[in-house]
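To start, the structure under review is shown below, and the notes come after it.
Owing to the predicted nature of the structure, the values given are computational and were not obtained by experimental measurement. Note on naming: letters A, B, ... go to the chains in the order of the sequence lines (proteins, then strands), and numbering restarts at 1 for each one.
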Amino acid sequence: MIEARPLPTRQRPLAQSAITGGIGESVKRPEGVLKVSGDFPYSSDLWAEGMLWGSTLRSPHPYARIRAIDTTEAATMPGVHLVLTHADLPGRKVYGLEIADQPVLAFDCVRYEGEAVALVAAEHPEQARRAAAKVKVDYEVLEPLTDPELAISGEGPSLHEGGNILRRLRIEHGDQNAPAEVVVSGEYVIGMQDQAPLGPESGLAVPDGEGGVDLYIATQWLHVDRDQLAAVLALPPERVRLTLAGVGGAFGGREDLSMQAHACLLALRTGRPVKIVYGRQESFVGHVHRHPGRLRYEHGADSNGKLVYVKASIVLDGGAYASSSTAVISNACSFASGPYAVPNATIEGWVVYTNNPPCGAMRGFGSVQNCFAHEAQMDKLAQALGLDPVELRLRNAFQTGDSLVTGQPLEGSIPVAELLRRVFSMPLPETTDASRRDLRELPGGVSNTTHGEGVRRGVGYAAGFKNVGYSEGFPDYSTARVTLRVVEGRSQAEVHTASVEVGQGLVTIQGQIARTELGVSQVVVLNADTRVGSGGSSSASRQTYITGGAVKTACEAVRERVLEMARSELGDRAGRGETWRLADDRLVDASGRTVIDLVTLLGDEVVSEEREYRPRPTEPLDERGQGNAHLQLAFAAHRAVVDVDVELGLVHVVELATAQDVGKAINPQAVEGQLEGGAAQGLGLAIMEQVLVTDGKILNPSFTDYLIPTILDMPPVRMEVLELGDPLSPYGLKGVGEPPAISSGPAVLAAIRAATGREVSHVPVRPDDLLDL
Amino acid sequence: MEFLQPTSWREALEMKTARAEALPIAGGTDVLVDLNFDRHRPEVILDLNRVAELSEWQPANGRLRVGAGVSYSRIITELGQRLPGLAMASRSVGSPQIRNRGTVGGNLGSASPAGDAHPALLAAGASIEVTSLRGSREIPVDEFFLGPKRNALKPDELIAGFWLRPAPGPQQFAKVGTRNAMVIAVCSFGLALDPEQQTVGTGIGSAGPTPLRAGEAERFLAEALGEGDHWRSGQPLPESARERFGELVARAARPIDDVRGTAAYRRRALAVLARRTFAWAWQEYTAQ
């Protein structure tokens, strides 16, 4: 019934060139060894002669009016050079990615626990911290608004002008009153997840002595940081120069400003370099989180298991400030019904302001919360119909020619059914007698809670998808400058972009593209900075596509100039110059024979071209939520095998298996890394990761109690990578980074339900949820 | 902040007498976390890492005396056979790095209700040797914990080590956490069977203001084993008695709801851990 068809999986590139390190190869990343040996310089390792340390005083209250701020005592503390409050700001007092609503330093009121109120620069970080604690803020503490449903109702305080509904979105697709023979419904609650990057927020601002500033920073988008900073600092953008510093992971948490403006303000006012490094606890309030949500779903199907309708109501808690919430709710609604053809749908989404921690971008960006819901619903529906869960999904899987609930047609390869068949057909891990296993292979692990007692195995499946690149008409482009010249007797290509390496491997990818396009063995990828045009953000799984496209386009322009140069210098030789190409550091003819080597051809000439790459534009959703709002769609499916100790409610994930269509694997090993890492992040959300917030306060802002998976929690990942291409993208590639984090968690939930027979509706699953207490 | 580094036990005791406010530090796995989070700013830190005597252990008068500075790693590798319950608890502590640094003496000094070593020490009936210039005394471990992070040390006293009999019978330790390693206990349970004395020892962790013994459960199980002549016959206890043991352990706990778990869950889990650890211990006993 369910069988995988033979399809082209990843193929080794044919040996066309002597140059290694082009696209399709598992090129090693240049910083890999440094990172594992602890030698990689992260932004927190920066140092400058004479630098001061900045510290931030933060609000202890989720909601309070500021009556007065007294910095007198703080300013006289040992080592202190400067104390700043909102009154000292030279420019715009607010910032934000989509809506500028977040104060650089709080004025009038604070809207979440941990909001920045005052800054100190001192000789030593501890002096700065102690002085910040001496800033006296007179608060009138207010009752916080912490319930998103209350925010929708309009009751409670209005936290921003225009009320608390940040965005409401309604998608109406097909017949709004279609009847169905089989109906299932459910309500799902998703907790707040933290990006938990290795490196906390940090950077170094260096004043240039002429009123401008250089900021060395770990971020996800240099230019959007720069533009926000220029407004806050009241400087023209060209006097705010950003250089990428070593990024210890991002996952969405570095899209918003954190300490950037603070360090620049302190540096410009003191005339000294200023460094700010958050500790882990501060990091928990220093960046946005994944939106917690409450999702109510109703699915209707006919008796053959074909979906008739999906009705969903999605409420996301945006917290105190807008960040990228308006885009997150758009994704949550666009993909609410999962990768399945649904003739009729009513999707209603809200994202609201509350006094909870601000939420914004995190890997998956709105497609994670809804995947837990639509996949639980598909399993419920399968059960109601007496169908195998995979079979039900296959009967409804998207195919080319179907459309999203937004009306956008599905083009190109849409391999949902194939991905599901693949994970279904992979061999299952062996079932050994639980009482004979090593503790590390049992729920509870080395803590010795079971020797097999109460252990039940379950298998679950899930499929998910999301968009690659920006949506709803947001301009998407990237810029690359590529330069070809002779350096010390060798031809060398230099690639310069402002696109950020966050650990995903973008530096390696840029080098691979340049080697392939220019046939040059020696490629230098310059550090990202704002001396070149914007690369857009390292988010939305977009950089290999968009910046890859820019590098490819710039390389093509350089190549064309070099070929023209050759034709004019060597003569066209009866039009044969049209077939010349670059390979192995030479210019060769159609048969591969050397025409001239590059070093000779180039001489002193420097061939440099800057190009922007713009993919097909998208359009906004209309008032019925219809429109071609998304660029590319990327799909994955997961199978999870779990062992649950049903007496203790503890879970051991035995294996995660996945199949994903990556279009074309530019760097197969990096693809594997994304598939494993994303699955780990999904597993974390499924069974342990939650920022616990009560009355607006974070209860577990440290890795002591915010648990992320260890090597004993994360099983091996069995994977099949499909390369089905995309006619519109460079090399046919698809964005890879996010799909692994979408359906992995829902598959774990499905497996837990299969093992326990329980309707688990809270994510992450807590031990209490698996017991009758 | 003053940093005192005695190189002998005598010197350490003199320093502690002179500076009663001095905070002792061994592996630093608790103290340094508190310092880094600025929860605590001690005026004086007394570094015991150079006191060689503290990192020794030896048999004495039929018992084992283990210095306060012996690391969890060494307990696992050097004392795993003689102190199996404590070794199992040690294995569940943190990561390899933490086990290399952390010490049972430090665990006792912190006196956290969630300290992993405590249930094992309670179950095995350990006593804690504390010393000052005035002399040494042994405190039975179940009198050592006075409240959350409070112990029975006088201001001039330091923890020298602890005393335990080499396990006279099977011992077990189990800990519930919501991750498979590197996790603070949601609750934990230690069990020790003493076939010679025909007694049972228990210890409950992370389910009360201090680590606790389940006295009624101990007496019940010892009686049930004795009455049916189970020690001699090795026959299994009836299901009802095993259930009852679990219930009594759960009842001895005084848990609260907190960020790591609910009180109801902790009681339920303790009953399960009590039943299971007894089953494993009994299986080991009858296999001998």
(message) If we define contacts as heavy-atom pairs under 4.5 Å, which of B/T262, B/V33, B/D258, B/V93 has the most with chain A?
(response) B/T262
(message) Shorter than 4.5 Å, heavy atoms on both sides: which option in A/L699, A/D645, A/L439 has the most such pairs with chain B?
(response) A/D645
(request) Going by the side chain to side chain contact (heavy atoms under 4.5 Å, CB included) test, name the single residue among A/E123, A/H124, A/Q127 that passes it with A/P78. (result) A/Q127
(request) Answer yes if the side chains of A/H287 and A/Q195 hold a donor-acceptor pair under 3.5 Å, and no otherwise. (result) yes
(message) Less than 4.5 Å to any heavy atom of chain A: does that hold for the side chain of B/R41, its backbone, both, or neither?
(response) side chain
(request) Against chain B, label A/L712 side chain, backbone, both or neither, depending on which of its atoms sit under 4.5 Å from a heavy atom there. (result) both
(message) Between A/R437 and A/T432, do the side chains contain a donor N or O and an acceptor N or O under 3.5 Å apart?
(response) yes
(request) Would you please go through residues 764-773 of chain A and name the residues with a non-hydrogen atom below 4.5 Å from one of chain B, in numerical order? (result) A/P767, A/D768, A/L771, A/D772, A/L773
(message) Walk me through whether A/E647 and B/R276 qualify under salt bridge (charged side-chain N to carboxylate O under 4.0 Å, His left out).
(response) CA-CA 11 Å; A/E647 291 182 306; B/R276 288 186 183 171; 2.6 Å; yes
(message) Surrounding CD of B/E21 (heavy atoms of other residues, nucleotides or ligands, distance under 6.0 Å), is the total greater than 12?
(response) yes
(request) Measure distances from B/R179 to the heavy atoms of chain A and classify the residue's part below 4.5 Å as side chain, backbone, both or neither. (result) both
(request) Look at A/T450, A/L442, A/T704, A/V446 and state which one has the largest set of heavy-atom pairs under 4.5 Å with chain B. (result) A/T450
(request) Considering only heavy atoms and a distance below 4.5 Å, find which of A/S702, A/S447, A/G445, A/G444 pairs most often with chain B. (result) A/S447
(message) Among A/R440, A/R129, A/E126, which residue has the highest count of heavy-atom pairs closer than 4.5 Å to chain B?
(response) A/R129
(message) Can you tell me which portion of B/N36 sits under 4.5 Å from chain A's heavy atoms? Options are side chain, backbone, both or neither.
(response) backbone
(message) Quick check for you: among A/L692, A/I708, A/I711, A/D713, which has the greatest number of heavy-atom pairs under 4.5 Å with chain B?
(response) A/D713
(request) Give a yes or no on whether a salt bridge exists between B/R275 and A/E453, defined as a side-chain N under 4.0 angstrom from a carboxylate O. (result) no
(message) If the threshold is 4.0 Å, N to carboxylate O, is there a salt bridge linking B/R260 and A/D705?
(response) yes
(request) Using modelled atom types only, decide if a donor and an acceptor are shared between the side chain of A/K697 and the backbone of A/P60 within a distance under 3.5 Å. (result) yes
(request) Quick one: sort the A/F703 and A/F284 rings into parallel, tilted or perpendicular, breaks at 30° and 60°. (result) perpendicular
(message) Show the nearest heavy-atom pair for residues B/N107 and B/A117, with the distance to one decimal.
(response) OD1-N, 3.1 Å
(message) Ignoring hydrogens and geometry beyond distance, is a side-chain donor-acceptor pair present between A/E441 and A/H652 at under 3.5 Å?
(response) no
(message) Please classify the contact of B/V186 with chain A as side chain, backbone, both or neither, using a heavy-atom distance under 4.5 Å.
(response) neither
